[in-house]
Participant: 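Structure below; questions to follow.
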Amino acid sequence: MSDTHKTLLRGAKVLGGEPRDVLIEGARIAAVGTGLDADGATVIDAAGQILLPGLVDLHTHLREPGREDSETVLTGTRAAAVGGFTAVHAMANTFPVADTAGVVEQVWRLGRESGYCDVQPVGAVTVGLEGKKLAELGAMHDSAAGVRVFSDDGKCVDDAVIMRRALEYVKAFDGVIAQHAQEPRLTEGAQMNEGVVSAELGLGGWPAVAEESIIARDVLLAAHVDSRVHICHLSTAGSVEIVRWAKSKGWNVTAEVTPHHLLLTDELVRSYDPVYKVNPPLRTEADVMALREALADGTIDCVATDHAPHPHEDKDCEWGAAAMGMVGLETALSVVQHTMVDTGLLDWTGVADRMSVRPSAIGRLTGHGRPVAAGEPANLTLLDSAYRGVVNPAGFASRSRNTPYEGLELPGSVTHTFLRGRPTVVDGKLTPTPQP
């Protein structure tokens, strides 16, 4: 496809507003208006559909290098495109760990080769995710990958001195430490949320305070050294209150919530189906409601999928032996529509803010999270919000199928995704390998 290719989206509801025509020329939006000239353009009838800026995920596990049986950069970015994403941040818990410039550059280059969405590697905070020695933060930032987000996700940076040093170090280049808040001693042997259900099932409890105590410590550390901290997959009502308090102080604290923590509760664990086993664990209905309200009022900045693919054998086993995690890229927007839009908590402008604008700002991405306006990069997602359908993982683009939503009816279907004007998804189907 040449840079001069033109596409006209006819009658799209930009951020859920009045119908507009949107003309894409090359990599940018050329015009937004009514009755735009379609001469020489591929015309897409977008009547009634919602047009959003391309979605951005701050928290994706692409598993490559090392666990290509679960996912690869190619299959993960194809899943991202199907879900309406134009950029994802690839977490560092690969094999080898993304704790050097060489590994993050490998992941970045694989993303460039895939062509389905931008891949921004997340660097490890500590060598080997072992929590003992800072990784090559500066070298990863100075690499071709230009790393700005660092996380030991999957493990907590539980040593307060190491966390302080990391927060101080990334100030030099406006980086951010994304913390997996889990006090390890409080979660030894933990299998699910600590509460009524865990007591009845006899499964090891994962107390809310294990998350909340780390968040409390880290917002204080971030304030002390005047640095940026981002809280990964916040999951409890108490965590919401700590982040709300930190923000009221003007501290540089941001937080994300996953789609599954906006919808699912620990009651599902009664089935003993390991598809519901996740880190942090599914919490209570009261926690879910608190998370929704916090996302609505902006206390929680964004939705991040924590897309965690696993091969069949890692989930098709007894609960105690099963891996933790759920795939989420292809269902994220549907879950957000179901929990936040259809309930009246967010409008589509709010969805664009929480799933594109703010995650782009936190990750310091350029070209994403931009307004749908003339001159802006044509990173766009078109959604049929009237669609209702049953989730069937057999049709997923992801290499893994560990979704907790199988058989559940959810609203919304991404019909088109554009990455710098190039269609990656057309009529709900992936295009052949997009041209660079």
Side-chain angles (χ1 to χ4, degrees), residues 55 57-85 87-98 107 110-111 113-114 116-117 119 121-122 151 153-154 180 232-233 258-261 263-264 268-269 271-282 303-335 389-408 410 413-414 417 424-425 428-430:
L55 307 183
D57 191 13
L58 271 174
H59 195 144
T60 303
H61 297 274
L62 295 179
R63 302 300 191 209
E64 189 176 11
R67 284 305 304 265
E68 291 83 358
D69 56 332
S70 305
E71 195 78 283
T72 65
V73 172
L74 177 60
T75 61
T77 54
R78 285 165 65 94
V82 169
F85 290 88
V88 298
H89 290 71
M91 302 309 280
N93 59 341
T94 48
F95 299 94
V97 170
V107 174
L110 287 168
E113 291 166 9
S114 84
Y116 282 95
C117 77
V119 175
V122 173
S151 181
D153 181 64
H180 173 115
C232 295
H233 43 48
T258 71
H260 47 272
H261 286 112
L263 180 58
L264 309 177
L268 291 164
V269 181
S271 68
Y272 287 102
D273 186 341
V275 76
Y276 301 118
K277 188 176 181 181
V278 68
N279 181 347
L282 300 178
V303 175
T305 70
D306 194 8
H307 176 79
H310 291 290
H312 178 72
E313 60 270 19
D314 285 2
K315 281 290 193 178
D316 187 20
C317 56
E318 65 273 18
W319 179 277
M324 294 179 178
M326 303 166 169
V327 291
L329 286 167
E330 295 172 69
T331 51
L333 190 51
S334 290
V335 174
V390 174
V391 177
N392 179 9
F396 279 4
S398 171
R399 181 163 281 187
S400 294
R401 300 286 180 265
N402 53 303
T403 173
Y405 310 118
E406 182 173 6
L408 188 67
L410 289 174
S413 175
V414 171
T417 307
T424 56
V425 173
K429 304 294 182 185
L430 286 160

Participant: When you compare the side chains of S114 and T77, does any donor N or O come within less than 3.5 Å of an acceptor on the partner?
Facilitator: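 On atom types as modelled, these side chains qualify, holding a pair under 3.5 Å.
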Participant: State the CE-NE2 distance between M91 and H180, to the nearest 0.5 angstrom.
Facilitator: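 M91 CE to H180 NE2: 10.0 Å, rounded to 0.5 Å.
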Participant: Between the side chains of T305 and D57, is a donor N or O closer than 3.5 angstrom to an acceptor N or O?
Facilitator: yes
Participant: First locate atom CG of L74, then atom CD of E68, and finally report the distance between them rounded to the nearest 0.5 Å.
Facilitator: 12.0 Å
Participant: What heavy-atom pair brings F396 and V327 nearest, and what distance separates the two atoms?
Facilitator: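 Shortest heavy-atom separation between F396 and V327 comes out as CE2-CG2, 4.0 Å.
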Participant: Any chance you could measure N279, atom CG, to H233, atom NE2, to the nearest 0.5 Å?
Facilitator: 5.5 Å
Participant: Working to the nearest 0.5 angstrom, can you tell me the gap between T403 OG1 and K315 NZ?
Facilitator: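 That separation rounds to 10.5 Å.
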Participant: Kindly give the heavy-atom pair with the smallest separation between T417 and F85, and that separation in Å.
Facilitator: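 In terms of heavy atoms, the two residues are closest at CG2-O, 4.0 Å.
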Participant: Is there side-chain contact between T424 and L430, with heavy atoms separated by less than 4.5 Å?
Facilitator: no
Participant: Using a 4.5 Å cut-off on heavy atoms from C-beta on, say whether the side chain of V390 contacts that of L408.
Facilitator: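 The answer is no; the side chains never approach within 4.5 Å.
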Participant: Verify whether one side chain among D153 and H59 offers a donor that lies under 3.5 Å from an acceptor in the other.
Facilitator: yes
Participant: Measure the spacing between CZ of R78 and OH of Y116 and express it to the nearest 0.5 Å.
Facilitator: 4.0 Å
Participant: Where do P311 and S400 come nearest, in terms of heavy atoms and distance?
Facilitator: N-OG, 4.0 Å
Participant: Answer whether the closest heavy-atom distance between the side chains of P393 and Y405 falls below 4.5 Å.
Facilitator: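 They are not in side-chain contact.
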Participant: Let me confirm one number: the CD-OG1 distance from E406 to T331, rounded to the nearest 0.5 Å.
Facilitator: 12.0 Å
Participant: So, for L62 and A90, which heavy atoms are closest and what is the spacing to 0.1 Å?
Facilitator: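 What the structure gives for the nearest pair is CD1-CB, 3.8 Å.
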Participant: Checking T72 against T75: is there a side-chain donor and acceptor pair closer than 3.5 Å?
Facilitator: yes
Participant: Shortest non-hydrogen contact from C317 to P274?
Facilitator: O-CG, 3.2 Å
Participant: Where do L333 and G83 come nearest, in terms of heavy atoms and distance?
Facilitator: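 Smallest heavy-atom distance, with atoms named: CB-O, 4.3 Å.
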Participant: Can you confirm whether F95 sits close enough to P65 that some side-chain heavy atom of one is under 4.5 Å from a side-chain heavy atom of the other?
Facilitator: no
Participant: Are the side chains of H260 and V278 in contact, using a 4.5 Å heavy-atom criterion?
Facilitator: yes
Participant: Would you say the side-chain atoms of H307 pair up with the backbone N or O of M326, donor to acceptor, closer than 3.5 Å?
Facilitator: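 Here the side-chain-to-backbone pair does not exist.
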Participant: If we only count heavy atoms from C-beta on, is the V119 to V107 side-chain gap below 4.5 Å?
Facilitator: yes
Participant: Does the pair D314/K277 count as a salt bridge with the N-to-O cut at 4.0 Å?
Facilitator: no
Participant: Considering only heavy atoms from C-beta outward, does the side chain of L264 approach that of P259 to under 4.5 Å?
Facilitator: no
Participant: Would you tell me whether S398 and E71 have side-chain atoms, one donor and one acceptor, within less than 3.5 Å of each other?
Facilitator: yes
Participant: Would you say S70 and H61 make side-chain contact, with heavy atoms under 4.5 Å?
Facilitator: no
